[in-house]
Amino acid sequence: MMRIVALNEDSHSTSSEDAEPQVTREAEETIAVSEYTRALELKHKGSVDIALKLLLELLETQVLCDVSPDNNNDKLFSVKYNCFRN
């Protein structure tokens, strides 16, 4: 894929900086919600052990660890709370 850069960008950047894609906070939130939904579907289908493992892994993610109890209207707060409940 061709990389498009600004004309005034510093040309001394290394290629290793370009090789590491950065995931935005919004993308991490979307992934967390979709993984939670997937765990619920697995639990509903009878794969309780796999669903439990997925929920525990989800609780260890940085995006859910950063959720503060002060902001209980946040979507991620609900996901974290429900991970503990399920």
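Positions are given from 1, in the same order as the sequence printed here.
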Nearest 0.5 angstrom please: S68 OG to K80 NZ, how far?
9.0 Å

Locate the shortest heavy-atom distance separating A51 from A39; write the atom from each residue and the value.
CB-O, 3.3 Å

Please, which pairs that meet salt bridge (Lys or Arg N to Asp or Glu O under 4.0 Å) have at least one residue in residues 26-37, sequence neighbours excluded?
R25-E29, E35-R38

Determine which pairs satisfy salt bridge (Lys or Arg N to Asp or Glu O under 4.0 Å) with at least one residue from residues 42-63, sequence neighbours left out, and list them in order.
none

Residues forming a side chain to side chain contact (heavy atoms under 4.5 Å, CB included) with S34, sequence neighbours excluded
none

Once rounded to the nearest 0.5 Å, what's the spacing between atom OG1 of T61 and atom CG of L76?
8.5 Å

Note: L58 and L64 closest approach over all heavy atoms is O-CD1, 3.2 Å

To the nearest 0.5 Å, how far apart are CD in Q62 and SG in C65?
5.5 Å

Who passes side chain to side chain contact (heavy atoms under 4.5 Å, CB included) against S47, sequence neighbours left out?
L42, I50

L40 meets the side chain to side chain contact (heavy atoms under 4.5 Å, CB included) criterion, sequence neighbours left out, with Y36, N86

Kindly indicate, with the supporting measurements, whether the criterion side-chain contact (heavy atoms from CB on, under 4.5 Å) is fulfilled by L59 and L55.
CA-CA 6 Å; L59 285 170; L55 290 171; 5.7 Å; no

Got a second to check how far Y81's OH is from D74's CG, nearest 0.5 Å?
15.5 Å

State which residues pass side-chain hydrogen bond (donor to acceptor under 3.5 Å, both in side chains) with N82; sequence neighbours excluded, sorted by chain then number.
none

